[in-house]
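All figures in this text were calculated on a predicted structure; none of them were measured in a lab. For ligands, and for the atoms within them, numbers begin at 1 and follow the listed sequence.
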Amino acid sequence: MASPAVEVQPMPSATEALNQINEIVTRYCESQMFFTACNLGIFEQLAGGPASAAELGEWLRLHPEPCRRLLLGLTGMGLLQRDGDRFANSPVAAYLTLHAPVPMEPLCMWGSLFQRSWSCLDDAVREFGPRWQQAFGATADEAFANLYKDPAALRRFCGLMSAYSIPQGQVLADAFDFAPYSRVMDVAGGAGGMIIEIGRKHAHMRGIVMDLPPVCEIADEHIAAAGLSGRFVSRSADLFAGPYPAGADVITLGWVLHDWNDDNCRRILRNCYDALPSGGALLIVESVLHDDHSGTPFGVLMSLHMLVLCEPGARERTQAEYRTLLEETGFRMETLVRLPAPRDLLIARKP
Ligand SMILES: C[S@@+](CC[C@H](N)C(=O)[O-])C[C@H]1O[C@@H](n2cnc3c(N)ncnc32)[C@H](O)[C@@H]1O
């Protein structure tokens with residue numbers, strides 16, 4: 001039987017088509033305005049109070065006329081507010097400053113680090129492989145080895161992870177009932193952004209951030225800064241070699257499985273299984289695709305992000321694909337909770 005045809009829709013007018021396509025092709029110009037504003041220190045400078053383009057130009061050594069154009073562009077995107085000739089940070093831009101409650105300025109690494117790999121998307125789609133060599137002249141292993149050896153770059157990378165994982169952790173802390181549990185371990189938890197938020201919200205919880213040694217050092221600083229040193233610790237362990245630290249009855253795995261192919265995911269899940277007691281919970285925090293592999297725009301985009309950055313086979317997965325991986329490694333999948341954040345929550349249990 002022939003498969004059902006894709007519904008044919010009437011062709012839009014040339015103007016409608018142009019409007020839609022023009023919006024698509026210029027979206028990166030908006031991103032670039034954001035990156036430039038971060039790079040030039042505009043949000044940081046405006047944290048001190050509203051200013052005119054001429055004043056900002058003088059303080060930041062920018063030409064006042066292009067500075068004014070950039071400020072107008074940022075105002076159009078909702079990042080600045082304008083009163084006459086003076087500009088101020090909008091409430092959301094307050095997150096782009098050094099003293100923000102959750103610093104989000106590191107998100108501008110999308111315009112430095114990631115943009116270089118995305119610019120090779122044509123070849124990634126042709127060849128089905130990451131773009132490290134093409135974009136950076138180094139393999140992924142070499143690039144990460146260099147990152148782990150460079151404290152300033154690693155701290156910056158951890159800042160990017162935390163910009164995502166802290167808000168995600170705040171949502172997760174509300175979405176899952178931690179009352180029956182006592183110790184949470186975030187496997188490959190980066191600087192600890194996600195589980196520090198669980199620790200803040202659930203005073204009875206103890207926690208372990210597991211990652212590689214140089215990342216654990218940064219996690220320790222974040223744990224101390226959050227006042228959680230009595231209850232939370234970092235422990236280094238290798239994701240694949242294991243064994244993972246013992247003692248947790250909940251494990252969180254956020255933006256880990258999507259980095260790896262199915263064989264490597266099974267290795268990670270088996271290590272999680274071995275580290276948990278019977279009845280222990282596994283919380284997978286990923287953008288879970290729909291059965292037809294569609295998803296939120298960000299989820300679909302991240303699957304391409306995995307294409308340009310990670311090994312072939314790394315991708316965002318559907319609930320059914322996670323269920324298979326979980327059952328193959330002894331877990332029972334319980335529920336998918338859609339969260340009001342970039343990533344969802346899949347709850348699984350060790351029987
Ligand atoms: C994409 S980040 C996710 C961080 C964090 N879970 C989050 O949601 O923000 C992947 C993490 O895996 C860690 N990682 C990579 N390879 C690892 C390995 N072999 N053993 C332990 N951790 C590893 C990295 O250091 C990094 O912190």
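- Contacts with ligand 1 closer than 4.0 Å are made by side-chain heavy atoms of Ser165 only, the backbone lying farther away.
- Distances between N or O atoms of Trp260 and those of ligand 1 include no value under 3.5 Å.
- Heavy atoms of Glu286 found under 4.0 angstrom from ligand 1: none, in either backbone or side chain.
- Arg156 has no carboxylate O lying under 4.0 Å from a charged side-chain N of Asp150, or vice versa, which leaves the two without a salt bridge.
- Residue Gly193 places no heavy atom under 4.0 Å from ligand 1.
- Ion pair Glu197/Lys201 not flagged as a salt bridge, since none of the NZ, NE, NH1 or NH2 atoms sits closer than 4.0 Å to an Asp/Glu carboxylate oxygen.
- With hydrogens and angles disregarded, no donor-acceptor distance shorter than 3.5 Å links the side chain of Arg183 to the backbone of Tyr181.
- Contacts with ligand 1 closer than 4.0 Å are made by side-chain heavy atoms of Tyr148 only, the backbone lying farther away.
- The backbone and the side chain of Leu239 each have at least one atom closer than 4.0 Å to an atom of ligand 1 (non-hydrogen atoms only).
- Contacts with ligand 1 closer than 4.0 Å are made by side-chain heavy atoms of Asp259 only, the backbone lying farther away.
- One finds no salt bridge joining Arg27 and Glu30 here, because no Lys/Arg side-chain nitrogen approaches an Asp/Glu carboxylate oxygen to under 4.0 Å.
- For the atom pair Asp122 CG and Gln134 CD, the distance stands at 9.0 Å (nearest 0.5 Å).
- A distance of 6.0 Å or more separates the ring centres of Phe114 and Trp118.
- For atom 22 (N) of ligand 1, the candidate residues are Val256, Asp211, Leu309; the nearest heavy-atom contact is made by Asp211.
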